[in-house]
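Position 1 is the first residue of the sequence, and the numbers go up from there.
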Amino acid sequence: FALAGKVSRVTLRKASNFPVGSLGRRTNCAEVEFSERDSAEKAKEGVKVWERFLGRRLEVKVSTPPQTPNVREIIVENIPPNAEPVDLRVYFALAGKVSRVMLPKVPNFPVAKLCRYRNWAKVEFEERDSVEKAKEGVKVWEMFLGRRLEVKGGGEEGGRRRE
């Protein structure tokens, strides 16, 4: 595979970990990681013309790289029990256009006097710049329904959910 580009890692997988192939028997597999994505595409095209490897024709599939974190999304903690999703939408509209608010409900909510929602939420903005405005804004904006909110996200580590 070095003909296609710089190989950064190779991982061999045993046949027992994979489903039965088209010929009714298990197939072996290797994961080849290249330094550049173009190299993976070259390898995929190259195996069509390269000679067989140890007497076998190789099949190459190009995987998608891991997703980058959504930097338009923040995790909001310390939300009061009487908060509704629309309240958060209005509050964070000061930072920019809010595309989605996810405020998880408490499962098996028994009585109306208790909190219906968890004390954390995800707020997604349409623009990336709104994330920084929201993170800075909660420090100076009025408190949200009597509480100071904690905001994490936008590419930084953290945002641990509290159940």
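- Remark: the backbone N or O of Arg128 is not paired with any side-chain donor or acceptor of Arg72 at under 3.5 angstrom.
- Ile79 and Arg147 make their closest contact through O-NH1, 3.3 Å (heavy atoms, listed as atom of the first residue, atom of the second, distance).
- Counting all heavy atoms, side chain and backbone alike, Trp141 lies closest to Ala134 at CH2-CA, 4.1 Å.
- Rounding to the nearest 0.5 angstrom, the gap separating the CD1 atom in Ile74 from the NZ atom in Lys133 is 13.0 Å.
- Note: Met102 CE to Lys122 NZ = 5.0 Å, rounded to the nearest 0.5 Å.
- Between Glu136 and Lys139, at least one side-chain N (NZ, or NE/NH1/NH2) sits under 4.0 Å from a carboxylate O, which counts as a salt bridge.
- Within a 6.0 Å sphere centred on CZ of Arg148, other residues, nucleotides and ligands contribute more than 12 heavy atoms.
- Listed by chain and number, the residues in a side-chain contact (heavy atoms from CB on, under 4.5 Å) with Glu41 are Arg37, Lys44, Val62 (sequence neighbours excluded).
- Contact detail for Pro85 and Val101: the closest heavy-atom pair is O-CG1, 4.0 Å.
- Using a 4.5 Å heavy-atom threshold, the side chains of Arg118 and Lys105 count as separate.
- Looking at residues two or more places apart in sequence or on another chain, you find a side-chain contact (heavy atoms from CB on, under 4.5 Å) between Arg100 and Glu73, Glu124.
- Residue Glu36 qualifies as open at atom CD: its count of foreign heavy atoms under 6.0 Å is 12 or below.
- Atom CD of Glu132 sits about 10.5 Å away from atom CZ of Phe125, to the nearest 0.5 Å.
- When all heavy atoms of Ala121 and Pro104 are compared, the pair lying nearest together is CA-CD, 4.4 Å.
- Under the rule for a side-chain contact (heavy atoms from CB on, under 4.5 Å), the partners of Asp87 that lie at least two apart in sequence or sit in another chain are Glu84, Phe144, Leu145.
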Show me, pair by pair, the donor-acceptor contacts under 3.5 angstrom made by side chains of residues 88-97, not counting sequence neighbours?
residue, atom, partner, partner atom, Å
Arg89, NH1, Val98, O, 2.9
Tyr91, OH, Glu142, O, 2.9

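- Partners of Glu127 according to the salt bridge (Lys or Arg N to Asp or Glu O under 4.0 Å) rule, which considers only residues two or more places apart in sequence or in another chain, do not exist here.
- For Glu33, the side-chain contact (heavy atoms from CB on, under 4.5 Å) criterion is met by Ser8, Arg9, not counting sequence neighbours.
- Closest approach of Leu149 and Val138 over heavy atoms only: O-CG2, 4.3 Å.
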